[in-house]
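Data first, discussion second: the structure below is written as structure tokens.
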Amino acid sequence: MERGKFITLEGGEGAGKSTNAQWIADYLRAKGKTVLVTREPGGTEVAEAIRGVLLSPELPGMNSDTELLLMFAARNEHLQKKILPALGQGTWVICDRFTDATYAYQGYGRGISLQRIAELETWVQGDLCPDYVILFDLDVATGMARAQARGQADRFEQEHADFFARIRNGYQARAEAAPARYPQIDAGQTLEQVRAQLEQLLERILTTEEVA
Ligand code: TMP
């Protein structure tokens with residue numbers, strides 16, 4: 001059985017990843033693919049419980065390495081129980097955030113060495129990495145305003161603009177290193193324009209897959 005494609009959605013706060021995840025899945029289903037939509041941190045019972053700890057505004061003083069290890073603990077659970085079995089059955093997996101978020105938030109944002117993150121990545125993932133990382137790029141002020149409008153801020157959303165600026169730069173640095181694998185969406189556009197851009201991108205991915 002041919003392995004499914006693994007597509008992750010990334011970007012700062014309020015960039016519209018979650019809003020578009022289901023739409024992307026529906027688009028691919030209409031093209032005949034079996035699709036699973038999931039998210040990180042989370043996606044399984046244990047990983048969602050870890051998410052609760054990671055995002056809780058009641059736990060403000062968490063050590064950065066603890067945060068990093070919890071992200072990878074949740075990821076290991078998610079990979080073993082959900083993502084790898086699905087890909088193995090030929091299902092396409094759309095994951096709202098994955099390891100690029102760890103590089104952006106814990107690496108560029110918190111200042112943990114990228115080498116240390118790479119070591120955990122190899123341990124937990126082996127050589128598995130997303131086939132495509134769709135990066136929703138948005139200026140920091142707009143993203144923060146959108147996230148604030150959603151209601152009570154989680155532990156990450158309570159951070160300041162300079163934290164989110166480092167995250168945006170981190171995502172850009174990763175995209176620049178491998179642009180073909182990191183297609184970018186201008187998330188400052190209207191939803192209609194974002195969807196038009198996504199449609200073009202998904203058609204390109206589907207065509208590339210047919211040729212391969
Ligand atoms: P979200 O699902 O609303 O995007 O919230 C998840 C939060 O967790 C978001 O602020 C980004 C953060 N995060 C990390 O810091 N590192 C990670 O590896 C992942 C997956 C998420």
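Remember, it's 1-based here, ligands and their atoms both numbered in the order they're listed.
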Looking only at protein heavy atoms, which one is nearest to [atom], and how far off is it?
atom	answer
atom 5 (O) of ligand 1	R51 NH2, 3.7 Å
atom 4 (O) of ligand 1	R97 NE, 2.6 Å
atom 21 (C) of ligand 1	P41 CD, 3.6 Å
atom 10 (O) of ligand 1	E13 OE2, 2.8 Å
atom 17 (C) of ligand 1	M71 SD, 3.3 Å
atom 18 (O) of ligand 1	T102 OG1, 2.6 Å

Exercise. Taking everything shown except R29 itself, do over 12 heavy atoms lie less than 6.0 Å from its CZ?
Worked result: yes
With atoms numbered from 1 as shown, which atoms in ligand 1 lie under 4.0 angstrom from a non-hydrogen atom of [X]?
X	answer
R75	18 (O), 20 (C)
K17	4 (O)
E40	20 (C)
A101	16 (N), 17 (C), 18 (O), 19 (C), 20 (C)

Are [X] and [Y] linked, directly or through other ILVMFWY residues, by side chains that come within less than 4.5 angstrom of each other?
X	Y	result
L9	L128	no
I24	I185	yes
Y27	F136	yes

Exercise. Relative to ligand 1, is Q106 under 4.0 angstrom through side chain, backbone, both or neither, heavy atoms considered?
Worked result: side chain
For this session: Kindly confirm or rule out an N or O of D154 lying under 3.5 angstrom from an N or O of ligand 1.
Result: no
For this session: Measure up the Y105 and Y171 rings against each other and bin them: parallel (under 30°), tilted (30 to 60°), perpendicular (over 60°).
Result: perpendicular
Problem set entry | Geometric cation-pi criterion R174 and Y103, 6.0 Å radius, 45° cone |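 Flagged: R174 positioned over aromatic ring of Y103.
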Exercise. With a cut-off of under 6.0 Å to the ring centre and 45° to the axis, is R75 in cation-pi contact with F72?
Worked result: yes
For this session: Could you check D100, D96, I167, T99 and say which one makes a side chain to side chain contact (heavy atoms under 4.5 Å, CB included) with E10?
Result: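 The single option meeting the side chain to side chain contact (heavy atoms under 4.5 Å, CB included) with E10 is D100.
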